[in-house]
Amino acid sequence: MKRNWLVALIALMLVLAACGGDGGTDTTEDGGTDTTQAGDGGDGEEITLRILSGNVGAEFESNEIAADLFMEQNPGITVEVVATPDFVEDRLGQYLQLFEAQSPEGDVFQIDVIWPGDLAEHLIDLNEYGGADEVAGHFPAIVENNTVDGKLLGVPWFTDAGLLYYRTDLLEKYNLDPPETWAELEAAATTIQEGERADGNQDFWGFVWQGNAYEGLTCDALEWVASAGGGSIIEPDGTITINNDAAIEVVNQAAGWVGTISPPGVTSYGEEDARGVWQAGNAAFMRNWPYAFSLGNADDSEIAGMFDVSPLPGATSGQSAATLGGWQLAVSKYSEHPEEAAKLAFFMAGESEQKRRAIDYSLNPTIESLYEDAEVLEASPFFGDLFDVFTNAVARPSTVTAPNYSDVSSLFFNSVHSVLTGSADAEDAFLELELDLVDQTGFDTGSP
Amino acid sequence: MTEATDVTAPPEEIYDASDSLVVRKRKRKERWGRVGFWALIVLIAIFLLFPFYWAINSSLKTEPQLRMTPGTFIPRDPSTGGIDITFQNYEAVFQNDAFIRAVINSTIVAVTVTVIALVIGAFAGFALGKLRFRGKRASLYLILSMTMFPQVAVLTGLYAVILNFGIPAIPSMILSYMLFTLPFTVWVLTSFFQQLPMDLLQSAQVDGATPFQSFRMILLPLTAPALVTTGLLAFIAAVNEYLFALTFTTIEPDARTIPVAIALFTGQVARQEPFGEIMAAAVLVTIPLVILVLIFQKRIIGGLTAGAVKG
Amino acid sequence: MALATEEKAKEKKGSQSELAKGEQRLAYWLLVPTLVILLAIAFYPLGSVFYSSFTNDTFASEVETDFVGFQNYSDLLSITFAELPQELDDSGQPVIDPDTGEPEYLSPVQVLPRQPRAYREVFTFGLFGNQYVLGATDADFVLSIIDTLIFTVTTIILEVIIGLGIALVLNVPFRGRGSMRAAMLVPWAILTAVSSRIWEWMFIDTRAGLFNIVFQNLGLTDGQTAFLANESFQLPAAIIIDVWKTTPFMALLLLAGLALIPSELYEAADVDGASKWNQFTSITLPLLRPTLAVALVFRTLDALRVFDLFQIVFAQSKYSMASFAYYELIDSQRLGYSSAASVVIFLLITIFAVVYIRSLGIGEDD
């Protein structure tokens, strides 16, 4: 009896296997026709555009609303919003695989502020479709960043910049002002940290930021260097300036924070690690992006209503620098409907959309006039205060070093990381970095 | 290890002897052996399960609870310290249609991959483990070499092929997962087949059974537990695969599998990592799998081995 | 070996050699599906990895591709040793560190050659009172090879020991064994991406993480140990994560292997009065050898290709060979270079595989 059971099971497995095999080949043929259908799309009335963008709850929702609006206004065009992972390498990997295959499957792409240069050869020049007019009211720094060899490769969509978060209650408790220089921040952080620890919070730290070896450290370290007058690693004119005394001094200063006012583990911190310490109420200051603002004020937050943001400190007062972040919309060169795709990109990054996104989702607009818009300011009051931060944000040298920016960046953050972890001193590290950057880019060296 | 095997010593020894000093000593040793054995079991269970417990614990916490210092072994309220369990992470996962869709996709892909890899792998494993022919070692090396590259290296070439032939995501995942499941099943089954005594086979041959008959009637039943284990390991490997799935489903969101769906979990705003939800999803995927294995073990392995051993 | 089989077959008489031929034919037919599937899927991708490893191909770019021979390999693997001279002050006297009383040495950057190719520091070490530096044209990759090899060897040894222990314990019949076997699956069944996250969380540098809570309660630390940032904890942490995750794989395979050992052998040994330890070394281990060999081959293969764990836990602060290849491809878009790194991984795996297969005798005719 048991034997029969067994034979039946094996037979079943064989049948399943056969089905599986057949299924595989069948669908292969179906797939073949699928692609041709997609290719035929252009002849018919109906056009399908695919936009690859973020999947973050609010963003994705917002994109679907925008897509619906666009479809209403443009009958005959269907827009498909495809979510891509928030994890940057995953998203870039997906894009690159499509570009490598020169696939027409993706039309509009949400790209990081550091990508236009590296992805240039896959993106159309939006100026051919009237891009110059569309980006007229946007922050010039971002537009410049998105312009490679005179071609406008992306329309700015929303922006980001590094901010200093500080605990208003603690500054008041210790009778301190928000710091304007790194030295002031150090002093304030030390005072508060010592005081809070003496009061029994042994987990308290003065200042948390992003110190892991990744793109985030490039952003943080660029802020230190730029705020000390140490240039922006490689200047827009292609001069390598990183090996200067101001840069060395400020990075040495930052290395001194590790283990004193910042946790020893800060050299493995990303944005979320820093926010974790901050939002548990265990840090006096934090360097982070604007996203932490609304989360910090959420109902279940330990520190809701007890903090504020300001521009980051500088080496001297008023010398603040914030790294430019944010996302652009670009159109793939392999799209079969570049004109419609450009239209979609312009629509989604247009003033009415950006205003809606700013009001409903606190996404920072890239259009200057929106920072004076009453409705926007009512929804997100801190936008007004940060206008200067956003307009003066420092771009990473991604456009000038394209298509080698990621190598430049990883040389830079690895170099800074080795200083932070104490495995090298800044003088040696930046001397070597300079030599490596010369090898990598072929640019000349100079002073900032 | 030796302690553990000690316990298996036939128990009758203890009882049939008279109550001499030697026996009492042995009894005591026996008792300590037993205690040691159970201590070992508990130790193993803690080693295997504690991190999973930590995941369950985390999945029942809100973000502030996760961040609080010191962390707690059961979810507690950050200010009052009372026990405070939340199911919001599970609710969020259940409300996520994409995740439920992904569970179905993963099941389809992994089951198909496992069945094909097992059946075809059993054929090859039988040939390599039990039959005499030229080029055996070369075949083994060739099969293994297919799986010796890191996935990221093979990915680009594979995706080019897939886009070129226009293969939809699910069949492409099934096919490409053969790259790491099939060499595994072939090798494992080869070693298992090889281990089986030859005399059973030879006697079957003498009885006039064809090689295929002896494979089906003798070898397969005997190796059933091994087959199930191999299948299980391959199945889990297929469910776990991320890089291929992520790339192949880029433009086919409906075909996404569990790891891709989890990678797409996001907080309310960019950069926020919904750690609690990720943990909840992991728990939701793992527990049914373990229960399935429990059932499978009782019904199927039990049935198969009981019928098979006497061949 | 194949030759021996053939000779053996020849020796036999007509009908038997007919039988052997039939057997051979059947073997080929049984192998066909596996080989066809694998070759159909892998031929182009694997071929193109080998090919592009000899070119300077850029990923996702139409930039002209040139054949560069072994350039990628030489860039990846060139290393050099240099002695670090003592730092001399203006008067030519060696500089002594006032804190430690040790002499100071020139920094590796000043010592390592930059022309025609730049060498960067992998690590420095002291030997017979001198300081030396190991430099490499690609320090990250050379370091990733060293780290991955340490990771592989350590995890494999631990997994074999713990896995064998668990398998032996679970091979003993006791109440609740079925549940234990199912529980054993948990670590292996948890998605790799998630299990790395769980451990990352337990290793977190504040007292939100398990290890800091425990160590602080034991009075060993102040609860602020940065396990994942501290260089000396990084590899051990990765090893712990991997051992936890994949020991069940080893244990399950070995358990299945144990189940195949006929119980008569142990009964006979018991009658002969052999000790348990003797039974273990003379019956269990030899009969488990083929299973162990296969488990070792696949664990080594996975360990040398380890990727998710390093990518998630260490990002670019510590590379495994495979995560190095990944970042080279995705971030730097150097397809040729990344392919060459993958081929190096392939070759290392081959060496391990051949050693296992030779020493443990897989695929030999018995």
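Chain letters run A, B, ... following the sequence lines, proteins first and then strands; every chain starts at 1.
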| message | Among C:Ala322, C:Pro187, C:Gly223, which residue has the highest count of heavy-atom pairs closer than 4.5 Å to chain B? | response | C:Pro187
| field | Interface moiety of B:Thr230 toward chain C, non-hydrogen atoms closer than 4.5 Å | value | neither
| Backbone N or O of B:Thr72 within a donor-acceptor pair of the B:Lys61 side chain at under 3.5 Å? | yes
| Heavy-atom pairs under 4.5 Å with chain B, option from C:Ala27, C:Ala42, C:Gly176 with the top count | C:Ala27
| query | Has the side chain of C:Asp308 got a donor or acceptor atom that lies under 3.5 Å from a matching backbone atom of C:Val194? | reply | no
| query | Backbone N or O of B:Leu243 within a donor-acceptor pair of the B:Glu241 side chain at under 3.5 Å? | reply | yes
| message | So for C:Pro248, is it side chain, backbone, both, or neither that comes closer than 4.5 Å to the heavy atoms of chain B? | response | side chain
| Under 4.5 Å from a heavy atom of chain B, the part of C:Ile37 involved | side chain
| task | Could you look at B:Met68 and say if it's the side chain, the backbone, both or neither that has a heavy atom under 4.5 Å from chain C? | result | backbone
| query | Looking at B:Ala153, B:Ser176, B:Gly121, which one has more heavy-atom pairs under 4.5 Å with chain C than the rest? | reply | B:Ala153
| query | Can we call the ring centroids of B:Phe180 and B:Tyr177 under 6.0 Å apart? | reply | yes
| message | Could you check whether any side-chain N or O of B:Thr257 sits under 3.5 Å from a backbone N or O of B:Ala245, counting only pairs where one atom can act as donor and the other as acceptor? | response | no
| remark: Cut-off 4.5 Å, heavy atoms of chain B, and the answer for C:Tyr44 is side chain
| C:Thr350 versus chain B, heavy atoms under 4.5 Å apart: side chain, backbone, both or neither? | both
| said: Please classify the contact between C:Phe43 and chain B as side chain, backbone, both or neither, with a heavy-atom cut-off of under 4.5 Å. | reply: neither
| Part of B:Ile143 within contact of chain C (heavy atom distance under 4.5 Å) | both
| task | Measure distances from C:Ala193 to the heavy atoms of chain B and classify the residue's part below 4.5 Å as side chain, backbone, both or neither. | result | neither
| said: Can you tell me which portion of C:Arg207 sits under 4.5 Å from chain B's heavy atoms? Options are side chain, backbone, both or neither. | reply: both
| Structural part of B:Tyr159 lying under 4.5 Å from a heavy atom of chain C | neither
| request: Under 4.5 Å heavy-atom distance to chain C, tell me which part of B:Glu273 shows up: side chain, backbone, both or neither. | output: side chain
| task | Please name the pair of heavy atoms, one in B:Ser139 and one in B:Phe133, separated by the smallest distance, quoted to 0.1 Å. | result | OG-CE1, 4.2 Å
| query | Which atoms of C:Val32 come close to chain B, meaning under 4.5 Å heavy atom to heavy atom: side chain ones, backbone ones, both, or neither? | reply | neither
| remark: Heaviest contributor of heavy-atom pairs below 4.5 Å to chain B, chosen from C:Thr192, C:Asn217, C:Leu170, C:Leu39, is C:Thr192
| task | Could you tell me which portion of C:Trp29 (side chain, backbone, both or neither) has an atom closer than 4.5 angstrom to a non-hydrogen atom of chain B? | result | neither
| task | Counting only heavy atoms closer than 4.5 Å, note whether C:Leu191 contacts chain B via side chain, backbone, both or neither. | result | both
| Side chain, backbone, both or neither: which part of C:Ala259 has a heavy atom under 4.5 Å from chain B? | neither
| request: Find out whether C:Phe203 and C:Ile240 are in side-chain contact, i.e. whether some heavy atom of one side chain is under 4.5 Å from a heavy atom of the other. | output: yes
| request: Can you tell which part of B:Phe235 gets under 4.5 Å to a heavy atom of chain C, answering side chain, backbone, both or neither? | output: neither
| said: With heavy-atom distances below 4.5 Å as the criterion, would you say the side chains of C:Val186 and B:Leu48 are in contact? | reply: no
| request: For C:Pro33 and B:Ile120, work out which heavy atoms get closest and say how close. | output: CB-CG2, 3.6 Å
| B:Leu155 and C:Leu329, any side-chain heavy atoms less than 4.5 Å apart | no
| field | Any donor-acceptor N/O pair, C:Thr247 side chain to C:Trp244 backbone, under 3.5 Å | value | no
| request: Determine whether B:Phe244 and B:Ile162 make a side-chain contact, defined as any pair of heavy atoms from C-beta on separated by less than 4.5 Å. | output: no
| Test item: C:Leu258 and C:Ile261 side chains (from C-beta on) under 4.5 Å apart, heavy atoms | yes
| note | When the 4.5 angstrom heavy-atom criterion is applied to B:Ser145 and chain C, the contacting part is both
| Short question: side chain of B:Thr147, backbone of B:Leu144 - any donor-acceptor pair under 3.5 Å? | no
| request: Quick one: pull up CG in C:Leu46 and CG in B:Leu158 and give me the separation to the nearest 0.5 Å. | output: 8.5 Å
| request: Would you mind telling me which of B:Ile278, B:Leu179, B:Asn240, B:Ile258 has the largest number of heavy-atom pairs within less than 4.5 Å of chain C? | output: B:Asn240
| request: Report yes if the distance between the aromatic ring centroids of B:Tyr242 and C:Phe307 is under 6.0 Å, otherwise no. | output: no
| field | Residue part contacting chain C, namely of B:Val154, when any heavy atom lies under 4.5 Å | value | both
| Residue selection (most heavy-atom pairs with chain C, distance under 4.5 Å) from B:Val285, B:Val186, B:Thr156 | B:Thr156
| query | Is the gap between the ring centers of C:Phe249 and C:Phe298 under 6.0 Å? | reply | no
| request: Would you mind checking which part of C:Tyr266 comes under 4.5 Å of any heavy atom in chain B, side chain (CB onward), backbone (N, CA, C, O), both or neither? | output: neither
| query | Which atoms of C:Val354 come close to chain B, meaning under 4.5 Å heavy atom to heavy atom: side chain ones, backbone ones, both, or neither? | reply | both
| field | Proximal component of C:Val49, with respect to chain B [non-hydrogen, under 4.5 Å] | value | side chain
| Do C:Ser339 and C:Tyr51 have side-chain atoms, one donor and one acceptor, less than 3.5 Å apart? | no
| said: For B:Phe73, which atoms come within 4.5 Å of any heavy atom of chain C: side chain, backbone, both, or neither? | reply: side chain
| request: May I ask you to test the C:Ser338-C:Phe59 pair for a side-chain heavy-atom distance under 4.5 Å? | output: no
| task | Select one option (side chain, backbone, both, neither) describing which atoms of B:Leu66 are under 4.5 Å from chain C's heavy atoms. | result | both
| At a heavy-atom separation under 4.5 Å, does B:Leu142 approach chain C through its side chain, its backbone, both, or neither? | side chain
| note | Bottom line for B:Ile262: the part with an atom under 4.5 Å from chain C's heavy atoms is side chain
| said: Below 4.5 Å, heavy-atom pairs only: which of C:Arg197, C:Met180, C:Gln279 has the largest tally toward chain B? | reply: C:Arg197
